[in-house]
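Naming convention: chains lettered A, B, ... in sequence-line order (proteins, then strands); numbering from 1 in each chain.
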Amino acid sequence: MSAQAPHWFESITTHGPRLWQRFWSRSNERVGYLFILPSLIHMAVFLLIPLVFSLVLSFTNWQGVTFQGLEWVGLDNYDFLMGDRRFWNAMGNSAKYTLMAVPLGMLVSLAIAVVLNQKLKGVYLFRTLFFMPVISSWVAVAVIWVTLLDPTSGIVNYLLDLIGLPPVNFLGDPNTALPALVMIAVWKGAGFQMVIWLAGLQAIPEALYDAAAIDGASWWQSFRNVTLPLLAPTTFFLAVTGVIGSFQVFTSVYVMTKGGPLGSTDVVVHRIYQRAFQNFDMGYASAQSWVLFGIIFAATLLQLWVNRRRGQEILF
Amino acid sequence: MRKMLMTLTLVIVLLTPLMVGAQDEEVTLRVIGFQVVPEEMDTPLAQARLKVLEDFQAEHPNVTIEALETPPEFDTQLLVDLAAGTAPDVWYQDASTLARLVDTGNVLDMNTCLDLVPELTLDRFTPSFLDIHRRETGEIWGLPDGGTPMVIYYNPKSFDRAGVPYPQDGWTWDDLLETAQLLTLDAEGRNRLDPDFDAENVEQWGFRARKYTFEWIYRTWENGSDVIAPDGSTVSGYLDSPETIEAIKWMRDLALEYGVAPGPTLYDQMTQELGFLTLFLQGKVAMFDRGHWEMVGLAAHEDYEPGRVAVIGQPQNTNRATVIYESGWMINAALKDDPAKLLAACQFVNTLTDVGFQSTKVTTGLEISANAEAAAAAVEESEWPEVEKVFVDEAQYGRLPYGALYANWPTVESALDSMMEEILAGEEIEFAVQNAVDEINRELERAAGD
């Protein structure tokens, strides 16, 4: 087989033939690229093209039927969005949700991971049990939690009653609905984060703990000065993916509260869904999506910047 | 004159072979909303549908009806199919989302069918049902099939318990309020008008007041006002008019001032525990607004007894009004380019809206027929003749749902729902209304491209 790049390709490129030459010259790379070709095509068709399409749509008034009557409206959708108080209320709710769910979820899952990192009897069973909510359907989880949180007959209120506290209408009170959703999300997602934490914990050399023990460090000192610093890449990974995921929370809201009561759980993806698939206002929904993307992107950059300021550039 | 006659003759000569060809050509119509699913094969409705199909195909042997399953998220799926050119030829459409399809030119003006099929006449329809599809400019976007006016359900046992006479047709807002006060009972059986009434221990509520616009929009009509301008361009001067605010206040006061309806938080708690139909049938809530479809759920409920369900028309204030939620038959506008299919589709819609098939409506219990003759006959044949009569009579006061008229109504409705939710939670009415006016006007201006 020829090791030369084809003539036609060299003639249309000025700076780039090296890559192609390399690709063309190594048959194993060619095979590799051929192997990932289906995924690349899949990604292009179902991810990249829709992504670009939605960006274009965000500058139009497309209502989602045919392209007849579609008008280029420039930045009008973005301009309108600036004064859309319900969108910003939803964005605020998403931010509140993120601020509660990410740290709480990481703390809870870390605590579980630390316990389940011990050489205990039945530890694999417990790991499986904690992971089970992750693979459960959100609809099934919602039904269970709505029952558990029922203001009159739910077990949570029964427990509150046992310790002398008044009943709480968790999902029906604007003050408690969002925290309740956070609590459920933490319960459902803790198993996944636990697995990541466990991987991080098991990568810490045992010798460091031995050294700390010889220096007379207590469990807490060892955890504070050995475990946590060496978990920094894991912490960073979970924080970044947690923020991205939390800003995109949708299913629990859609299934359990529909954004209520009084808009207290109306998160931004739920609002985008309503615009796109209930009002068929695709152009405006696309603009909302891109603003959400911008905010998540900015939040991620901020996290990267903070991480670099702390001298940690391990992951990215 | 002679020139005109010659032109007319020429047109007829040219068109006749086309029409003859259209009648003879083999066509397959793809129809959504008429499928007979295997598990319902034994039901009267399924049998009626099969009979209609059989009769239609015997009469029109060149036409094959391909009855397709209604997909989940039908409105979204239909938009996708319309965009892809794979939409059905005829489909059953909720009028509450009709305007968007009209605005995008996807629905055939049924005047075309009236010209093609002389047997298809408009006098078969109850006028208020037809008005949902007919515009002042003459177009008829689809033809009505069936629907329901919103009426008030009440539990006669709750009335008996409180010693209150049943409501009578033609009652007023004041009558409803007083009835609800007398029906709201505490644990000792005292009603709301009793000075010793214990508001902390209500055993039976008189009414249900909720945020949903579809359950209260007609209160503004009953008070001689509206929430939106007739051309759909603004809500200023309508939603914030004194009459509309008075209607909103009356609704709010049922829960917050007179305490005859549970507030939203309490209602949420009550329904989480038992489900609303159980609350109603067990006498915890005596009256509520709803359409005909609720009869099906009530009749199938384990607590159901015939003496526990009755209905009455809406109360009036300055006007008598209600809304009709309806579905009808649409023909895909793309059929204009296919004369044979177009003719077959018009003939099929004629059959679907004819008294023969429409008489089977009574078997579903979901709605009343838009065909006036079938609706009248159903009063005699229904399992619940008194209930059926109230619905049929109330239809004459019915107005169209605004989703049939304004393409961006879902956005307006969502803002109105939020406004009423805030008001029922205790927000000052004028403040909440003004916020809603600003928000909705912004949306309407954007939709108009201002």
Quick one about B:Asp438 and B:Gln434 (side-chain donor to acceptor, distance below 3.5 Å, no hydrogens or angles considered), yes or no?
yes

If you count heavy-atom pairs under 4.5 Å with chain B, which of A:Thr147, A:Asp266, A:Asp281, A:Asn77 comes out on top?
A:Asp281

Any side-chain donor near an acceptor of the partner, B:Asn435 and B:Glu439, under 3.5 Å:
no

Report the residues that fulfil side chain to side chain contact (heavy atoms under 4.5 Å, CB included) with A:Met183, sequence neighbours left out, ordered by chain and then residue number.
A:Trp145, A:Leu149

Do A:Lys258 and A:Tyr254 form a cation-pi contact, if we require the NZ or CZ to be under 6.0 Å from the six-membered ring centre and within 45 degrees of the ring's axis?
yes

Hits for side chain to side chain contact (heavy atoms under 4.5 Å, CB included) against A:Val255, two or more places apart or cross-chain, chain-then-number order -> A:Val139, A:Ala142, A:Thr251

Highest number of heavy-atom pairs under 4.5 Å with chain B: which of A:Gln274, A:Gln278, A:Arg86?
A:Arg86

Going by the angle between their ring planes, with limits at 30° and 60°, are A:Phe250 and A:Tyr273 parallel, tilted or perpendicular?
tilted

Can you tell which part of B:Asp75 gets under 4.5 Å to a heavy atom of chain A, answering side chain, backbone, both or neither?
both

Could you please state which residues from residues 402-412 of chain B sit under 4.5 angstrom from chain A, measuring non-hydrogen atom to non-hydrogen atom, sorted by number, or 'none'?
B:Pro410, B:Thr411

Which residues share a ring-ring contact (aromatic ring centres under 6.0 Å, His included) with A:Phe80, sequence neighbours left out:
A:Tyr284

